[in-house]
2 protein chains.
Amino acid sequence: MRKISGSTVRRLSLYLRFLEQFDALGKTTISSAELARRGATTSAQVRKDLSFFGSFGKRGLGYSVPELTARLRDILGLKRTYRVVLVGAGRIGGALVQYPGFRQRGFHVAAIYDRDPRKVGSRWNGLVVRDVRHIVGDLKKEPTDIAIVVTPADAAQDVTDQLVQGGVKAILNFAPIRLAVPADVVVKSVNMALELETLSFALANR
Amino acid sequence: MRKISGSTVRRLSLYLRFLEQFDALGKTTISSAELARRGATTSAQVRKDLSFFGSFGKRGLGYSVPELTARLRDILGLKRTYRVVLVGAGRIGGALVQYPGFRQRGFHVAAIYDRDPRKVGSRWNGLVVRDVRHIVGDLKKEPTDIAIVVTPADAAQDVTDQLVQGGVKAILNFAPIRLAVPADVVVKSVNMALELETLSFALANR
DNA sequence: TTCTGTGAATAGGTTCACAGCT
DNA sequence: AGCTGTGAACCTATTCACAGAA
């Protein structure tokens, strides 16, 4: 497939949310202009984004809400559910385990790991925290595509190596380091402090 | 000032982190190539990013670590501390209140608000949760530049309007809606489910 | 007539490559 | 000799504008 930019993918996710909202309102048809207004972009951008994957609209009419919803879910890989493991039973980990947005979208946090013996065995949102030393064995028994790394920086690379060894193919990383992974593994890093710094930059440079 | 792209700002934040690490190792000088290696970019990119703000290096030598650190802290608006208020005393709010990365960078979470009477009055990391109805009055007494919105979607716009009324100029938004704000207020939205969807897209389109 | 789909034009961001300072 | 600073070249993303389907 042709190379799709990250910003296109993010917009597709947004369009999908808007479509779900439109569907809830009982609308059956939507134009690129309406999607654009919601997404703070342009109608041409919406049409271009969609055009990378085919032509789903009807000229003079717009897009069928249920049809485009289905196509976007398909494009974004959301027609299936994902088993997700979470490594790091700290505050952020705890918040993510019960984050409703994940389950709604088919991302099921199925296991939590930590290295701290005081945390191992405790319950988090119905899941028993397991010792991280079991992780490779567990992953081999229960194939898992996605992991969320919420460990301190010093543990993150080691954990990542074990995740890769266990067959994980995508990692959402909250640790403030760049993770080294083989070419067939995708990493997406989120860094809250960095987000705040884009704000302080904006405040300082008005 | 000339328009600086978001990706340049993000890279500057990263360079600052690397510089701090180099400083801790006792290095006093660093080349654009070394910064590039750490940041998974190119030396030309590093130099170009810096060149928007001046010329801080010495030809043949590289950059002085303490000097460039100071310049970046200045550029990113990190020479001062920021009073930050957090709205929404849920799981994610709780995790963010004690997130060490914020305080390290000079972002001080100084107050937490919630609308739920059962949460109001409880203690979170040493702070007493206040009723959100006091927020405008509090902000007028204690001018605050940055707010973090961690409420459910249905409350986020209302809270945002109050923050703006109270003089907040930058908002880090975790609620899954686009916030409407006046032109002089910056909003940066973070959406975890959307990040996971970029991963499922990558898995589905290999 | 309305709104899509898409080449062409434009804008924006990245990389190249080299002159010039240390 | 080594590494910066920066125009120019290149590449990618967005916007324009219009032909064509409903």
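Here the structure is a predicted model, which is why all the values come from computation and not from measurement. Sequence lines set the chain letters: A, B, ... in the order given, protein chains first and strands last, and positions in each chain run from 1.
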For the side chain of [X], counting heavy atoms from C-beta on, which of [options] is nearest?
| X | options | result |
| --- | --- | --- |
| B:R11 | D:dT6, D:dC18, C:dT14 | C:dT14 |
| B:Q45 | C:dG5, D:dT15, C:dT14 | C:dT14 |
| A:A44 | C:dC3, D:dA13, D:dA17 | D:dA17 |
| B:S7 | C:dG5, D:dT6, C:dG13 | C:dG13 |

What is the distance, rounded to the nearest whole Å, between atom [atom1] of [X] and atom [atom2] of [N]?
| X | N | atom1 | atom2 | answer |
| --- | --- | --- | --- | --- |
| B:R47 | C:dC18 | CZ | C1' | 11 Å |
| A:E67 | D:dA22 | CD | C1' | 14 Å |
| B:I4 | C:dA11 | CD1 | P | 19 Å |
| A:K3 | D:dC11 | NZ | C1' | 13 Å |
| A:E34 | C:dT2 | CD | P | 14 Å |
| A:F52 | C:dG5 | CZ | P | 13 Å |
| B:D49 | D:dG5 | CG | P | 12 Å |
| B:K58 | D:dA1 | NZ | P | 22 Å |

(message) Categorize B:K48 for me: base, sugar-phosphate, or nothing, with a 4.0 angstrom heavy-atom threshold over every strand shown.
(response) base
(message) Under 4.0 Å, heavy atoms only, any strand: does B:S43 hit a base, just the sugar-phosphate, or nothing?
(response) nothing
(message) If you define the side chain from C-beta out and look only at heavy atoms, does anything of B:L203 sit under 4.5 Å from B:R206?
(response) yes
(message) Are the side chains of A:L96 and A:V109 in contact, using a 4.5 Å heavy-atom criterion?
(response) no
Look at the side-chain N and O atoms of [X] and state whether any lies under 4.0 Å from the OP1 or OP2 oxygen of [N].
| X | N | value |
| --- | --- | --- |
| B:S32 | D:dC3 | no |
| A:Y63 | C:dG5 | yes |
| B:T42 | C:dT15 | yes |
| A:S55 | C:dT4 | no |

(message) Would A:R80 and A:Y82 count as a cation-pi pair here, with the cationic atom under 6.0 angstrom from the ring centre and within 45° of the axis?
(response) yes
(message) Does the structure place the NZ or CZ of B:R38 under 6.0 Å from the centre of the six-membered ring of B:F22, at an angle of no more than 45° from the ring's axis?
(response) yes
(message) With hydrogens left out and only the distance checked, is there a donor-acceptor pair under 3.5 Å joining B:R59's side chain and the base of C:dT22?
(response) no
(message) Counting only heavy atoms from other residues, nucleotides and ligands, does the tally under 6.0 Å from CZ of B:R83 exceed 12?
(response) yes
